[in-house]
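The structure appears right after this line, and notes come after that.
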Amino acid sequence: MTNDRIQQLAEIVDSAAMNLAEIGMLTADAPDLTIDAAYEVQEASVERRLARGERVIGMKMGLTSRAKMEQMGVHEPIYGILTSSMIVNDGAAIRISELCHPRIEPEVAFILSDDLEGPVSPAQALMAVGGVCAALEVIDSRYRDFKFTLPDVIADNTSAVRFVLGSAVTAADWLNLGNLGMVMEVNGAIVETGSSSAIYDNPARSLAELANMLARRGRKLHAGQIVLSGGATAAIPLKAGDRVRVEIDEIGSAEIRVIP
Ligand code: 0L1
Ligand code: MG
């Protein structure tokens with residue numbers, strides 16, 4: 001795919017995100033959008049954000065649960081880029097009027113103390129982690145009727161729009177990251193329960209896989225970056241008035257409010 005075509009597709013997903021416009025699948029008009037080309041579109045769309053003053057603050061893994069992979073008919077997770085416009089303080093509000101079809105999912109987040117470059121094992125990846133936090137990710141696909149292929153969702157930066165990190169940061173050293181129970185509540189009622197084992201078997205494995213996927217594209221993670229390791233349960237649709245909270249064993253809670 002030519003660079004001009006990459007830039008055109010990046011413009012489509014970026015303006016859909018800025019204007020909250022539904023779009024059809026890019027692959028309908030661009031059947032030659034391979035996974036590699038889709039990551040180029042993703043980077044080109046994030047370049048547009050950077051040109052507007054945003055900064056890259058981390059990366060996210062998506063489609064890390066067996067359930068989501070089966071739903072999409074894929075065998076490997078995907079990654080996206082987190083920018084400074086996406087982070088929300090613990091307990092703060094997001095405006096639903098700024099989003100299109102928002103849904104929320106509970107996640108385990110890492111904050112890196114060191115650069116991390118693949119290939120690495122999960123244990124090696126953990127050596128670059130400064131702390132672990134509870135997190136909530138808001139995903140917002142603009143694709144009409146949630147119909148998209150893997151290259152479509154990669155090109156659209158894996159639906160990344162907002163996320164919150166809990167206020168507590170726990171050292172990874174003694175945590176059994178592969179089996180942390182979690183409960184997600186909306187307005188005090190439990191809506192999902194799960195375990196960190198649903199995140200690619202273990203969030204540390206997800207982190208290592210991210211470093212390894214990036215290495216295959218000549219990229220790496222940097223000290224200070226945040227990594228969202230993937231959703232541990234189904235994603236729940238959001239509406240104005242919701243107060244969503246996740247409580248995760250050993251690492252604490254994260255909360256977000258939704259206002260009109
Ligand atoms: O965070 C993720 O698992 C990415 C989800 C992308 C697909 C969707 O919008 O449902
Ligand atoms: Mg997610």
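Scope of the values below: all heavy atoms of this structure, side chains included, with no hydrogens, waters or symmetry mates. For ligands, and for the atoms within them, numbers begin at 1 and follow the listed sequence.
- With sequence neighbours left out, the salt bridge (charged side-chain N to carboxylate O under 4.0 Å, His left out) criterion links E70 to no other residue.
- Rounded to the nearest 0.5 Å, atoms CD1 (I94) and CD1 (I259) are 9.0 Å apart.
- Electrostatic pairing of E22 and R144 counts as a salt bridge here, judged by a charged N lying under 4.0 Å from a carboxylate O.
- Checked by atom type, the side-chain pair S159/D140 shows no donor-acceptor distance below 3.5 Å.
- Take the N/O/S atoms of E105: the one nearest the Mg ion (ligand 2) is OE2.
- Looking only at N/O/S atoms, E137 comes nearest to the Mg ion (ligand 2) through OE1.
- Each of K60, G62, L63, K68, R103, E105, E137, I139, S141, F148, V153, T158, S159 has a non-hydrogen atom positioned under 4.0 Å from some atom of ligand 1.
- When distances from the Mg ion (ligand 2) to the N, O or S atoms of E107 are compared, OE2 comes out shortest.
- We find that R257 and D242 are not joined by a salt bridge, their nearest charged nitrogen and carboxylate oxygen being 4.0 Å or further apart.
- Ion pairing between R48 and E43 fails under the 4.0 Å rule for side-chain N and carboxylate O.
- Using a 30° and 60° split on the angle between ring planes, Y39 and Y79 fall in the parallel class, below 30°.
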